[in-house]
Visitor: 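Below is the structure I would like to discuss, written out as structure tokens.
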There are 2 protein chains.
Amino acid sequence: MGVVSKGEQTRELALREALAQSSNVGLQGITIGALADSLGMSKSGLFAHFRSKEQLQLDVLDFAGRMFVARVFTPALDVSSGEPRLTFIVDRWLGWAGFADYALPGGCVFVTAAREFDDEPDGPVRDLLVTQQQEWLDTLAQVVRGGVREGHFREDADVDQVAYDILALMLGYHFAVRLLRDERADSRTRRAFERLLDDLRPTS
Amino acid sequence: MGVVSKGEQTRELALREALAQSSNVGLQGITIGALADSLGMSKSGLFAHFRSKEQLQLDVLDFAGRMFVARVFTPALDVSSGEPRLTFIVDRWLGWAGFADYALPGGCVFVTAAREFDDEPDGPVRDLLVTQQQEWLDTLAQVVRGGVREGHFREDADVDQVAYDILALMLGYHFAVRLLRDERADSRTRRAFERLLDDLRPTS
DNA sequence: CGCAGAAACGCACGGTCGTGCTTTTATGGG
DNA sequence: CCCATAAAAGCACGACCGTGCGTTTCTGCG
């Protein structure tokens, strides 16, 4: 009777759980059995929803992408464009990659997936991942360009370089907080971001 | 009759091959069977050299650490301390993490290992990895401190922050060159490093 | 050369994985 | 309430994993 069928419902639940586990063990590290156990159902019952492990990985990646956009980018559209919006995004991003996001107990799933597939030969999962990352870099650059338009940033700013720099900062943050368990990771990343903004502002 | 026994010899060969494979598939991704095949020997014959897979991982990590020091840090001691030495290190480091180093066809093994163990509970391998990384960060900070002493960098420079920033740059480089296969990764990283140095120099 | 010890091998074990097949159970529109 | 259909379960398969044991081959000193 529900507007959403039983199948869709468990599928959604499975994706949510799979995403959480992926953040810990990666997309390859997911096992159908462990996932089924966590959901209290049988391996084959779960397996039927996705018809292969690769399809599961693709679905999880897509799910994660939509969640990232919804939590980090979309809310930023309510913030005035330019530097405020960029700062807002970085702040949300830190939350997504760190411990704040209970949906990702193991940190940013993209960071994990990136290293799993970086040396893999081309394949559907790798391709989707690369596309997502490049689109996100473009989006970031676009936000920076908005800052230039607003007069917050220098006219000659290399917006792609800035996007690249910010991404590197986030990778460093993930490394420090996840592997080294460095409590100063957050403040260090924010400091580095401030320095980046300083260099970006018009010379007064 | 040689000064080095047969066992030591194949062990060295095995470590070299294991390191190469690790850079592709990670420390966990190594399989004794595949490694044995690559070396043209039997699984059990190889296995006897290391008495467990965990021991193999530890040995590979130690091997990689000594090789990294030998290729990146030790040669830098011949360069005059301060900014020249720091620049030299970054240059060598880029070679190590990129495609230049034929011993690491899959990029920096530490980057790969970091992701594998970042959410693992504490264990011997993880502990060793963290120790290595923290020691390297300390070493980097020490090099930066040398630059302060030489008058190349500002007196009030936060040397730990600089080390952190450089590490983040390298992670970004690895991401761009390995996953995105971005040809501009090298120049972008060098540009970001230059910007970092600019901020570090005394205000003229 | 001879022989003790090192090195490598062959083989098998228990376990886990992804994936199909058949069967059972639950769902929900008419 | 019925019953077609969807959803979940049960079960088995082949493949691959790390690891141990007994045996065979090689190495290199006396």
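Just so it is clear: chains get the letters A, B, ... in the order the sequence lines come, proteins before strands, and each one is counted from 1.
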Visitor: Starting from P on C:dG15, measure out to NZ on B:K53 and report it in whole angstrom.
Guide: 19 Å
Visitor: Strictly under 6.0 Å, is that where the ring centroids of A:W136 and A:F68 end up?
Guide: yes
Visitor: Compare side-chain N and O positions of A:H49 against OP1 and OP2 of D:dA8 and report whether any pair is under 4.0 Å apart.
Guide: yes
Visitor: Applying side-chain contact (heavy atoms from CB on, under 4.5 Å) between A:V125 and each of A:Q57, A:E120, A:Q55, report the one that passes.
Guide: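 So the option named by the test is A:Q57.
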Visitor: Check whether the side chain of A:K43 and the base of C:dG18 form a donor-acceptor pair under 3.5 Å.
Guide: yes
Visitor: Heavy atoms under 4.0 Å, any strand shown: does A:I30 hit a base, just sugar-phosphate, or nothing?
Guide: sugar-phosphate
Visitor: Expressed in angstrom and rounded to an integer, what is the separation of B:Q57 atom CD from D:dG18 atom C1'?
Guide: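 Computing the B:Q57:CD to D:dG18:C1' distance gives 11 Å.
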Visitor: Is the distance from OP1 or OP2 of C:dA8 to the nearest side-chain N or O of B:T10 less than 4.0 Å?
Guide: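 Checking B:T10 against C:dA8: at least one side-chain N or O falls below 4.0 Å of OP1 or OP2.
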Visitor: Is there, by distance only and without an angle test, a donor paired with an acceptor across the side chain of A:S44 and the base of D:dA9 below 3.5 Å?
Guide: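 Indeed, a donor on one side and an acceptor on the other fall under 3.5 Å apart.
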Visitor: Around atom CZ of A:R181, are there more than 12 heavy atoms of other residues, nucleotides or ligands at under 6.0 Å?
Guide: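 Yes, enclosed.
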Visitor: Applying a 4.0 Å non-hydrogen cut-off, can you work out what B:L56 is touching in the nucleic acid: base, sugar-phosphate, or nothing?
Guide: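 Since no nucleic acid heavy atom lies under 4.0 Å of B:L56, the category is nothing.
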Visitor: Nearest-Å distance, CD (B:E8) to C1' (D:dT27)?
Guide: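 To the nearest whole Å, that distance equals 15 Å.
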Visitor: Atom CZ of A:R11 and atom P of D:dA6: how far apart are they, to the nearest Å?
Guide: 16 Å
Visitor: Send over the distance from B:L39 CG to C:dA7 P, rounded to a whole Å.
Guide: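 From B:L39 CG to C:dA7 P: 15 Å.
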Visitor: Can you check the B:L46 CG to C:dA8 P distance for me, whole Å?
Guide: 9 Å
Visitor: I want to verify a distance call: between C:dC9, C:dG18, D:dA8, whose nearest atom is closest to the A:I32 side chain?
Guide: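 For A:I32, the side-chain atoms sit closest to C:dG18.
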Visitor: Can any side-chain N or O of B:R126 pair as donor or acceptor with the backbone N or O of B:F117 at less than 3.5 Å?
Guide: yes
Visitor: Using whole Å, report how far CG of B:D37 lies from C1' of D:dC17.
Guide: 13 Å
Visitor: Whether the side chain of A:H174 engages the backbone of A:G98 through a donor-acceptor N/O pair (distance < 3.5 Å, no angle test) should be reported.
Guide: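 Here the side-chain-to-backbone pair does not exist.
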Visitor: Is any side-chain N or O of B:T31 closer than 4.0 Å to OP1 or OP2 of D:dC17?
Guide: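 Looking at the OP1 and OP2 atoms of D:dC17, one of them is under 4.0 Å from a side-chain N or O of B:T31.
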Visitor: In whole angstroms, how far is the P atom of D:dT27 from the CD atom of B:Q9?
Guide: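 It works out to 10 Å between those atoms.
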